[in-house]
Amino acid sequence: MIVGFTIKFLCRFYEPTTGQIFIDDIPLHQYRLESLRQKIAPVFQDFSHFFLTAGENIGIGNVEHVNDASAVIQAAAQGQADTVVSQLSDGYQTLLGRHFDGGTDLSGGEWQKIAISRAFMRDAEILILDEPTAALDAESEYALFQRFKILTQGMTTLLISHRFSTVRMADRILVIDEGKILEEGTHEQLMNRSGRYATLYRMQSEKYK
């Protein structure tokens, strides 16, 4: 929860009462809010479900291009929502959610793919993924992160997860406990140290043997 709040400070949903956050050695509050948010694409664990069409649900990630069909289709492919949309009765024009008559509801994993695709609508420099695959099955999670390795080249990607199968792919791993950084390094470095990360990784791995 502490990490989740820190990320929301980074997005400037809240303003810190003490301390500062820096990006490229510049205090966060010195950035123009609109410009900052345009360059950050977050996908939170408690992502929103919009009772709009499938295309609008994705396009709203960048409201200036919400009706740009080619941009929406490209973002859907990047976040794997294209496979979801292909099964809908009216494709990108399908109304999602049961709030209105004729709306089509999605599974948790399908909604999550829509939310991830929404993030790719922006020309972002920082991608934030807060437990982005919590509702996905193991096969979909593996395919998504294999794709992320390609899609996020040249971007700063912050991945928050309790799944060690997910975090092991990161270039730099931070182990946080009670708001403090206990360990940092690559997966191999942390495993060789036999510290907290290695202990938790082995405990989680045992479940799959």
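In what follows, every heavy atom counts, from backbone to side chain, and hydrogens, waters and symmetry copies are set aside.
Residues L33 and F9 do not share a hydrophobic cluster, defined by chaining ILVMFWY side chains whose heavy atoms lie under 4.5 Å apart. In terms of hydrophobic clustering, with Ile, Leu, Val, Met, Phe, Trp and Tyr side chains grouped at heavy-atom distances under 4.5 Å, M121 and V63 are assigned to different clusters. Under the 4.5 Å side-chain contact rule for hydrophobic residues, I126 and F22 do not share a cluster.
With E110 contributing its side chain and S107 its backbone, the two residues share a donor-acceptor pair below 3.5 Å. Not one N or O on the side chain of R118 forms a donor-acceptor pair closer than 3.5 Å with the backbone of E56. Within the 3.5 Å criterion, the main-chain N or O of Y197 finds a donor-acceptor partner in the side chain of E183. At least one donor-acceptor pair closer than 3.5 Å links the side chain of Q189 to the backbone N or O of T186. D90 contributes no side-chain N or O that, together with a main-chain N or O of Q93, makes up a donor-acceptor pair within less than 3.5 Å. Put simply, the side chain of R196 never gets that close to the backbone of L182: no donor and acceptor are under 3.5 Å apart. Without hydrogens or angle criteria, R122 side chain to R37 main chain gives a donor-acceptor distance under 3.5 Å. Although no hydrogens or angles enter the test, the distance criterion places no donor-acceptor pair under 3.5 Å between the side chain of S35 and the main chain of R32.
At least one cation-pi condition fails for K39 and Y31: the charged atom is not both under 6.0 angstrom from the six-membered ring centre and inside a 45 degree cone around its axis.
Taking CG of D171 as the reference point, atom OG1 of T157 lies at 9.0 Å (rounded to 0.5 Å). Distance CG/L95 to CZ/F50: 14.0 Å, rounded to 0.5 Å. Rounding to the nearest 0.5 Å gives a distance of 10.5 Å between CG of N57 and OG of S117. For the atom pair CD1 of I181 and CG of L174, the computed distance is 5.0 Å after rounding to the nearest 0.5 Å. Rounded to the nearest 0.5 Å, atoms CG (L127) and CD1 (I116) are 9.0 Å apart.
Relative orientation of the H99 and F51 rings is parallel, given thresholds of 30° and 60° on the angle between their planes.
For E64, the CD atom is loosely surrounded, since the number of other residues' heavy atoms within 6.0 Å does not exceed 12. For E34, the CD atom is loosely surrounded, since the number of other residues' heavy atoms within 6.0 Å does not exceed 12. More than 12 non-hydrogen atoms from other residues, nucleotides or ligands lie less than 6.0 angstrom from CG of D177.
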Review point. Run the side chain to side chain donor-acceptor pair (under 3.5 Å) check on D68 and S70 step by step: do they pass?
Key: CA-CA 6 Å; D68 185 338; S70 61; 2.8 Å; yes
**Study point:** Verdict with supporting geometry, I160 and F44, side-chain contact (heavy atoms from CB on, under 4.5 Å)
**Key:** CA-CA 9 Å; I160 304 167; F44 295 109; over 6 Å; no
Practice item. Test L159 against D130 for side-chain contact (heavy atoms from CB on, under 4.5 Å), laying out the working first. Key: CA-CA 6 Å; L159 173 61; D130 182 5; over 6 Å; no
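Between the side chains of W111 and D105, a donor-acceptor pair is found at a separation under 3.5 Å.
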